[in-house]
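When a ligand or atom number is given, it counts from 1 through the structure's own listing order.
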Amino acid sequence: MTTIYARELEIAQLAVQRAAILTKRVFREKAKGTVSKDDASPVTIGDFGAQALIISALRHNFPHDDIVAEEEASALREDAKLRGMIWGLVRETKLEDVAAEGLLGRGVRDEADLLDVLDRGKSAGGRVGRVWTIDPIDGTKGFLRGGQYAIALGLLEDGDVKVGVLGCPNLPVDDEAPLDVGIGENQTDEEGRGVIFSAVVGEGAWSRPLGTGALQEGKKIRMKDIADMANASFCESVEAGHSNQSEAAQIAQKLGITKPSVRMDSQAKYGSIARGAGDIYLRLPTSKTYQEKIWDHAAGDLIVREAGGQVTDTKGQRLDFGAGRTLASNSGVIAAPAGVHSQVLKAVQDVLGL
Ligand SMILES: Nc1ncnc2c1ncn2[C@@H]1O[C@H](COP(=O)(O)O)[C@@H](O)[C@H]1OP(=O)(O)O
Ligand SMILES: [Mg+2]
Ligand SMILES: [Mg+2]
Ligand SMILES: [Mg+2]
């Protein structure tokens, strides 16, 4: 199905699938080992564990590639209890399919190696060479409340996204399921939930069930054409601090959208519009100082574009993943089907006064 990035795609999907086994287990456990980071955002043993598993798979398969990952080990160096909990999870989490697990390599050796592995994600990124971006749990707040979250992995080459994988354990497998199935709180990993979206540049985007063994068969996904804006649905963050929801409502009204927005955590929004469950994703800056992180957008950006969408910031510029660890040259995100993107952008710019 794919040519030049076939191996990267396979390893990335298996690594995400294995990480999801760990995060689902943490979700079921009472003690999630939640600690607060410097910016007051939460991180759990699920975030650390998933990052360690993904990096160990990349270290084995692509030892020369750089990695930009959200988490780092400093909090664990001082905290033996937390470190021990994470090590236990990492050691025990394996894909059920022995051949698939074998492809991911030997894994993390011991607690000291766990810290080293986590700290391999400190690359500065940039415009040169191969750089993986990892968000081990995107939407940690969603994860904690039982809403949507995603495990996000992207491969950049010279600053461009070439491969994107999003594991969404709480989204319905069914690409036809309505956008508002699986949002809100206390989603459980009952039957019929858990999907992996993936894309390779120039080759399209796929969805497949998020399993626990070898990869299941994928289906091509496409965005829906919007024939009538009145029936379009748009999604945005649950968190009012992450995106300006009152401006988004004005933009929707200007476009003639009549349905209320669907609020969903994480890059599950990108996956949902890519498969046509929703139409438009708006993320409008709430502050002049917050810079979006590349791991929060790389996979989603490619999946939407390969499904027939266009993704820009509010200035109409493509997201610039070569700028470093953050999207320093961008402001906000507008993702929509290519045929209506310019119309949506114009409404955004009118409302924001750009
Ligand atoms: N002030 C902020 N503005 C925008 N996004 C933020 C802010 N603080 C954290 N984030 C990140 O926004 C993403 C969640 O997106 P959404 O709001 O669409 O669910 C997360 O990646 C979260 O990080 P994290 O990965 O730590 O959860
Ligand atoms: Mg975080
Ligand atoms: Mg994130
Ligand atoms: Mg995260």
Side-chain angles (χ1 to χ4, degrees), residues 16 19-20 22-23 26-27 32-55 67-72 74-75 118 121 133-154 166-171 179 182-185 187 234-245 247-248 261-273 278 280-301 304 311 313-314 319 325-328 330-335:
V16 163
L22 185 149
T23 61
V26 172
F27 181 69
K32 298 191 173 57
T34 309
V35 286
S36 219
K37 296 204 282 189
D38 292 346
D39 63 0
S41 69
V43 58
T44 74
I45 54 174
D47 302 62
F48 289 118
Q51 177 163 318
L53 283 176
I54 293 172
I55 294 184
I67 300 172
V68 170
E70 181 181 0
E71 313 301 346
E72 44 106 11
S74 61
L118 283 168
T133 66
I134 305 174
D135 193 337
I137 294 185
D138 178 39
T140 306
K141 288 181 178 164
F143 170 70
L144 288 168
R145 71 167 94 80
Q148 290 303 324
Y149 71 98
I151 295 162
L153 184 53
L166 279 180
C168 300
N170 288 341
L171 274 186
L179 186 57
I183 62 163
E185 302 192 359
Q187 300 299 320
F234 86 95
C235 49
E236 60 180 341
S237 177
V238 175
E239 299 291 327
H242 294 178
S243 180
N244 190 318
Q245 297 173 339
E247 284 170 353
S261 74
V262 173
R263 291 182 178 164
M264 187 187 279
D265 297 289
S266 85
Q267 285 174 74
K269 292 185 279 296
Y270 282 110
S272 294
I273 66 167
I280 296 166
Y281 167 24
L282 295 177
R283 190 175 190 85
L284 305 169
T286 52
S287 85
K288 288 219 159 32
T289 49
Y290 183 79
Q291 293 184 345
E292 294 286 342
K293 310 297 190 290
I294 61 171
W295 54 79
D296 282 327
H297 301 281
D301 170 86
V304 164
V311 184
D313 70 359
T314 58
L319 302 187
R325 288 177 65 90
T326 69
L327 294 170
N330 295 113
S331 169
V333 178
I334 301 166

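- Distance alone, capped at 3.5 Å, places no donor-acceptor pair between the K141 side chain and the P42 backbone.
- Evaluated by nearest non-hydrogen atom to atom 9 (C) of ligand 1, the leading choice among H242, K37, Q291 is H242.
- Across the listed options R283, E239, Q148, R283 owns the non-hydrogen atom lying nearest to atom 12 (O) of ligand 1.
- A salt bridge links D265 with R145: at least one charged nitrogen is closer than 4.0 Å to a carboxylate oxygen.
- Within ligand 1, the atoms closer than 4.0 Å to a non-hydrogen atom of E292 are 4 (C), numbered from 1 in the order shown.
- Using modelled atom types and a 3.5 Å distance limit, the side chains of E236 and S243 yield no donor-acceptor pair.
- Closest to the Mg ion (ligand 4) among the N, O or S atoms of D135 is OD1.
- At a cut-off of 2.8 Å, I137 is counted among the residues with an N, O or S atom near the Mg ion (ligand 4).
- Checked by distance only, ligand 1 and G139 come closer than 3.5 Å through their nitrogen or oxygen atoms.
- Distances from the Mg ion (ligand 4) to the N/O/S atoms of E70 are shortest for OE1.
- Not a single N/O/S atom of D47, whether from backbone or side chain, sits less than 2.8 Å from the Mg ion (ligand 4).
- Of all the atoms in ligand 1, the ones that sit under 4.0 Å from a non-hydrogen atom of S237 are 16 (P), 17 (O), 18 (O), 19 (O).
- Residue E70 approaches ligand 1 through these ligand atoms, each under 4.0 Å from one of its heavy atoms: 24 (P), 25 (O), 26 (O).
- Shown in contact with D265 at under 4.0 Å from a heavy atom are these atoms of ligand 1, numbered in order with element: 19 (O).
- The one candidate from I137, L118, I151 that meets the side chain to side chain contact (heavy atoms under 4.5 Å, CB included) condition with Q51 is L118.
- Applying the 4.0 Å criterion to heavy atoms of D296 picks out, from ligand 1, the atoms 11 (C), 20 (C), 21 (O), 25 (O).
- For S237 and E239, the side-chain atoms include no donor-acceptor pair closer than 3.5 Å.
- Counting the atoms of ligand 1 from 1 in the order shown, those under 4.0 Å from a heavy atom of S266 are 16 (P), 18 (O), 19 (O).
- Proximity to I137 (heavy-atom distance under 4.0 Å) selects the following atoms of ligand 1: 25 (O).
- The Mg ion (ligand 2) has no N, O or S atom of D138 closer than 2.8 Å.
- For the pair V304/Y281, no side-chain contact is recorded, criterion being any heavy-atom separation below 4.5 Å from C-beta on.
- In this structure a side-chain-to-backbone donor-acceptor pair under 3.5 Å is missing from T133 to L153.
- Protein heavy atom nearest atom 20 (C) of ligand 1, with residue, atom name and distance: D138 OD1, 3.4 Å.
- Taking a cut-off of under 4.0 Å to the non-hydrogen atoms of K269, the atoms of ligand 1 that pass are 16 (P), 18 (O), 19 (O).
- A donor-acceptor contact shorter than 3.5 Å links the side chain of R325 to the backbone of A69.
- For the pair Q267 (side chain) and G300 (backbone), a donor-acceptor distance under 3.5 Å is present.
- Comparing Y290, Y270, Y149 by heavy-atom distance to atom 4 (C) of ligand 1, the nearest is Y290.
- Checked by atom type and distance alone, the side chain of D301 never pairs as donor or acceptor with a backbone atom of A298 at under 3.5 Å.
- A distance-only check finds a donor-acceptor pair linking the side chain of T314 to the backbone of S331 [under 3.5 Å].
- In summary, D296 places no N/O/S atom under 2.8 Å from the Mg ion (ligand 4), failing the contact criterion.
- For the residue pair Y290 / H242, no side-chain donor-acceptor distance below 3.5 Å is found, with atom types taken as modelled.
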